Amino acid sequence: MAVCTAYTSPSLHSPYPISNSSKSHHHFILSTSCRSNRRKLRGEISCSSETNTVVIGLAADSGCGKSTFMRRLTSVFGGAAEPPKGGNPDSNTLISDTTTVICLDDYHSLDRTGRKEKGVTALDPKANDFDLMYQQVKALKEGKAVEKPIYNHVSGLLDPPELIKPPKILVIEGLHPMYDGRVRDLLDFSIYLDISNEVKFAWKIQRDMAERGHSLESIKASIEARKPDFDAYIDPQKQYADCVIEVLPTQLIPDDNEGKVLRVKLVMKEGVKYFSPVYLFDEGSTISWIPCGRKLTCSYPGIKFFYGPDSYFDHEVSVLEMDGQFDRLDELIYVESHLSSLSTKFYGEVTQQMLKHADFPGSNNGTGLFQTIVGLKIRDLFEQIITEKSATPAVVSKV
Ligand SMILES: Nc1ncnc2c1ncn2[C@@H]1O[C@H](COP(=O)(O)OP(=O)(O)OP(=O)(O)O)[C@@H](O)[C@H]1O
Ligand SMILES: O=C(CO)[C@H](O)[C@H](O)COP(=O)(O)O
């Protein structure tokens, strides 16, 4: 049930969406999202809930494919995602018609020098401002604009804030979207990208060695240095995710250590509102499927799908798994036609999306396929929430 309380207007010059003092939450100044209905007023405030923002959390370590996933997601909604126009060229924010993606690195409370002086990594909660993260995500969810700080990855400094207006869908991506219980509770849906150490290493080498000129030793050292904090603060968030995309080395090639062929698991929590897990052939069954043959071209080592129920951190889940890679992306339609509950708007939409972004990393394997499917499920979730809200009469609540 949507209930709106009155609060002070956010100052566009303050980094805070609302006064730092929690006492000010109940002042009688309405935000733009909350319209008073004068006929019913008499000490009560009527609030339309239609403007509320849907909030999605995407957690992963650095270099684990968040940006690629975000490009696939925003593409599902149409329109290109771009940094705020005329703003800081080093902004981490991406805005499209429907979605705004903010990077939680912007809530680092310590800059690069500060972290070095204090001997903490960016993964350590001590280097991040969770109070501000909570206040601003909450404000955006309630339809209020905020002045969000910017962490500049080029200079390693905290830059002056940028104005973020409440979008239809807000994606908060980064290291800690599910770390703080208050922020976690604001999420309408959450995803964790769980990249195994072997694969993370292979991707890092590909990017940081080939594209950024780092040495193999320095990449190894950086992964090792982050590991204790990754294990302590980032990895545990996966227990809260509604959906986990797990990326592992293939099992199709014995002792493979190249990390090129991947086994990818889509772990989908059961019983999540507005989210129905995808299934292969028959919902709830356990199925192993090798689609290679007349309708799907597969070179060595082939492709293997698996689908079935499981448990994950004591939650009932459905797991869809793909090991191997596609030779011809247009033939993905054959696989798509055997998957159900995809939340597509027309036959072949998954294949169309994959073909559209054939040049993105992971387009020939389960990472691209499952990221696309999760993008479609998020669109569906958003549409269900909007439909439900427009069918719900405005709620009147006492302030
Ligand atoms: N599905 C994939 N398959 C193969 N390689 C991938 C995949 N996703 C990402 N990568 C590799 O990992 C690198 C990082 O990807 P991306 O920029 O999407 O990650 P990120 O989590 O946003 O990183 P950062 O937080 O460091 O900006 C890419 O340049 C690419 O080399
Ligand atoms: O884990 C990270 C998230 O992207 C970065 O390492 C963190 O944001 C610090 O960035 P930089 O290394 O540019 O100072």
Side-chain angles (χ1 to χ4, degrees), residues 58-74 81 90-94 101-117 120-125 127-129 149-159 171-177 179 191-196 198-212 214 218-219 221-223 225-227 229-230 233-235 245-250 258-266 322 324-326 354 357-372 374:
L58 173 67
D61 196 4
S62 155
C64 285
K66 295 184 299 290
S67 314
T68 311
F69 187 9
M70 284 305 101
R71 288 197 287 161
R72 287 191 198 278
L73 174 70
T74 45
D90 295 326
S91 166
N92 301 307
T93 303
L94 285 175
V101 181
I102 61 172
C103 174
L104 297 179
D105 294 350
D106 289 333
Y107 293 100
H108 289 337
S109 51
L110 295 174
D111 63 12
R112 207 174 279 158
T113 313
R115 291 195 301 270
K116 209 168 174 187
E117 280 169 2
V120 294
T121 71
L123 302 97
D124 191 319
N128 295 278
D129 187 344
I150 299 175
Y151 176 72
N152 188 321
H153 281 279
V154 180
S155 63
L157 298 170
L158 289 157
D159 283 353
V171 184
I172 57 167
E173 62 96 353
L175 298 170
H176 305 100
Y179 180 81
I191 307 129
Y192 184 90
L193 298 183
D194 189 5
I195 315 298
S196 67
E198 299 92 322
V199 176
K200 204 189 275 189
F201 189 54
W203 288 1
K204 274 258 179 208
I205 288 176
Q206 187 186 318
R207 184 179 73 172
D208 295 353
M209 232 171 124
E211 295 167 25
R212 299 186 180 174
H214 297 185
S218 72
I219 297 168
S222 130
I223 292 183
R226 291 171 73 93
K227 194 151 184 335
D229 282 353
F230 174 79
Y233 308 119
I234 313 304
D235 195 58
I245 299 180
E246 213 174 305
V247 185
L248 303 149
T250 182
E258 263 195 84
K260 288 213 170 105
V261 182
L262 301 173
R263 177 163 75 106
V264 188
K265 291 167 86 167
L266 177 60
M322 176 184 159
Q325 54 194 33
F326 303 110
M354 290 282 283
H357 302 300
D359 57 330
F360 285 9
S363 288
N364 65 343
N365 63 37
T367 58
L369 175 62
F370 295 159
Q371 287 176 3
T372 302
V374 174

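Treat the numbers as computed from the prediction; the structure is a model and nothing was measured. Counting starts at 1 for both ligands and their atoms, following the listed order.
The option from K66, H176, R226 that lies nearest to atom 5 (C) of ligand 2, judged by heavy atoms, is R226.
At least one N or O atom of G65 sits closer than 3.5 Å to an N or O atom of ligand 1. Inclusion of N365 in the set of residues having an N or O under 3.5 Å from an N or O of ligand 1 is not warranted. Of the N or O atoms in D61, none lie within a sub-3.5 Å distance of an N or O in ligand 2.
Summary of contacts: the protein heavy atom closest to atom 22 (O) of ligand 1 is S67 OG, 2.4 Å. For atom 13 (C) of ligand 1, the closest non-hydrogen atom on the protein side is R207 CD, 3.9 Å. Looking from atom 25 (O) of ligand 1 to the surrounding protein, the closest heavy atom is K66 NZ, 3.1 Å. Of all protein heavy atoms, the one lying nearest to atom 4 (C) of ligand 1 is W203 NE1, 3.3 Å.
Looking at R112 against ligand 2, only its side chain comes within 4.0 Å, counting heavy atoms. Residue-level proximity to ligand 1 for T367 is carried by the side chain, the only part with a heavy atom below 4.0 angstrom. Looking at K116 against ligand 2, nothing comes within 4.0 Å, counting heavy atoms.
Remark: ligand 1 atoms within the under-4.0 Å shell around heavy atoms of G362 are 1 (N), 2 (C), 3 (N).
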